[in-house]
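Below is one structure, written out as structure tokens; comments come after it.
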Amino acid sequence: MEDLGFADVARELLLVAPGDFVAERTARQRAVRKDDRALAAAIGKLRKPAPAAWVVDLLAHDGALDDAVDLGPSLRKAQADADPDAIRALRRQRAEVVEALTQAGSDLASDAGHPVTPAVLDQVRSTIEAAMADPHAGAAVTSGLLVAPLESVGFDTVDLDGSLADPDAVPDAWSGSGAPPIPIAEARGARKATRASRPAKRGGPEPEPEPEPERESDADPEPTRDPAADRKAARQAETAARTESRDADAALDAAEADLEQAEERRAEFRRALEQVEADIARLEAARDEAEAASDRARELLAASQQHRRDLGR
């Protein structure tokens, strides 16, 4: 047997369909126990992956997640720059990439003989979104060592505890250099605060203070924004949007199931109609044959009668 480390063995085992995982894990553990008891013990402790994590590991094995993770820094930069046009374009691209990868994962699972449910695909979708939102999650997802699905909540760092079969094999999942995303509102505030607190260049003239805009005496001062409240509102809005998206997906699945049933019924009606048409054609052919036989019989009768008349003369 090839001398493999635990991370390599784990990557291979995590590609096994969940229904066959325990038996395959036991077989691998027994195969290495004689030569490497420590590796055998580690294999025995390897967690069975959640179905969504298994699908993501299949995608990672195919290298399908790299482009999605590479899109993350562009999204985070657009948010940090508070560029609404770039954000809208990248979000559309993100949605397209996530849906394409989710469908690809569904196809891989079906090809492996273990099709997954829409609920599992929702978790696959959330895991891919988390990988694009947080660079540490991106490293975890592309490692092929995922055992639990991930979720990105608002703008918080993705919780990776217990998500990897071998955390030591994926250091970037814990110490990556990329920063987690920040809310757009906070990015704008940070840029304004940076400009306001930036000191004047030494040796240069002191900038004249900008005149304060005149305000009507009865106007209320602009309320101070609460970053924590903004983050909470953003989380609530994202949770609501995700719920609406999942409800819409469920409705779409139901509609597709109804359409499939309607197509099956239509196919049955078409087959029945074709059978009826074949029966009609057969009956019409029999009728035509009967009419032809009747015509021949009349001709023979007429010829016989004429023959008798001719004999009587």
Side-chain angles (χ1 to χ4, degrees), residues 13-24 48-65 67-68 92-129 149 241-309:
L13 286 173
L14 292 175
L15 297 176
V16 177
D20 303 326
F21 176 82
V22 174
E24 185 64 22
K48 176 181 177 180
W54 171 65
V55 173
V56 172
D57 286 334
L58 291 177
L59 290 168
H61 179 70
D62 277 6
L65 297 171
D67 290 342
R92 284 195 298 270
Q93 184 178 357
R94 178 182 65 178
E96 294 172 357
V97 169
V98 169
E99 289 308 314
L101 288 173
T102 302
Q103 182 58 52
S106 177
D107 294 341
L108 287 174
S110 297
D111 292 344
H114 190 80
V116 292
T117 64
V120 171
L121 292 180
D122 279 344
Q123 292 181 330
V124 172
R125 188 177 292 107
S126 296
T127 300
I128 297 171
E129 290 173 348
R242 183 169 294 165
T243 300
E244 291 178 1
S245 176
R246 290 175 180 172
D247 290 344
D249 288 341
L252 179 59
D253 290 340
E256 289 178 346
D258 291 342
L259 178 60
E260 184 176 353
Q261 292 177 358
E263 292 287 350
E264 291 177 357
R265 288 195 296 270
R266 186 173 69 173
E268 291 175 359
F269 292 149
R270 185 182 297 113
R271 288 192 294 269
L273 178 60
E274 290 173 353
Q275 183 62 47
V276 170
E277 290 175 345
D279 292 341
I280 291 173
R282 187 170 57 254
L283 291 172
E284 288 178 344
R287 180 198 62 192
D288 293 342
E289 185 177 350
E291 289 178 350
S294 176
D295 292 340
R296 288 194 299 271
R298 289 194 190 96
E299 291 174 357
L300 288 174
L301 178 59
S304 177
Q305 290 174 345
Q306 182 64 40
H307 181 66
R308 282 199 301 269
R309 285 195 296 269

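If you're wondering where the values come from, they're calculated on a predicted model, not measured in any experiment. Numbering of residues begins at 1 and proceeds along the displayed sequence. Reckoned from all heavy atoms, side chains included, excluding hydrogens, waters and symmetry mates.
When all heavy atoms of Leu15 and Trp54 are compared, the closest pair comes out as O-NE1, 3.1 Å. When every heavy atom of Pro149 is checked against every heavy atom of Ala50, the shortest pair comes out as CD-CB, 3.8 Å. Between Val116 and Ala109 the shortest heavy-atom distance is CG1-CB, 4.1 Å. Taking both residues in full, the closest heavy atoms of Ala68 and Val97 are given as CB-CG1, 3.8 Å, listed atom of the first, atom of the second, then distance. The two residues Ala64 and Leu101 have their closest heavy-atom pair at O-CD2, 3.2 Å.
Atom CG of Leu13 is separated from atom CG of Asp57 by 11.0 Å, given to the nearest 0.5 angstrom. A distance of 12.0 Å separates CD in Gln123 from OG1 in Thr102, rounded to the nearest 0.5 Å. Between the CG atom in Asp122 and the OG1 atom in Thr127 there is a gap of 10.5 Å [rounded to 0.5 Å].
For Arg298, the side-chain hydrogen bond (donor to acceptor under 3.5 Å, both in side chains) test picks out Ser294, Asp295, with sequence neighbours left out.
Contact annotation: the side chain of Leu65 approaches that of Ile128 to within less than 4.5 Å [non-hydrogen atoms, C-beta and beyond].
A side-chain hydrogen bond (donor to acceptor under 3.5 Å, both in side chains) check over residues 104-119, counting only residues at least two apart or in different chains, returns the pairs Gln103-Asp107.
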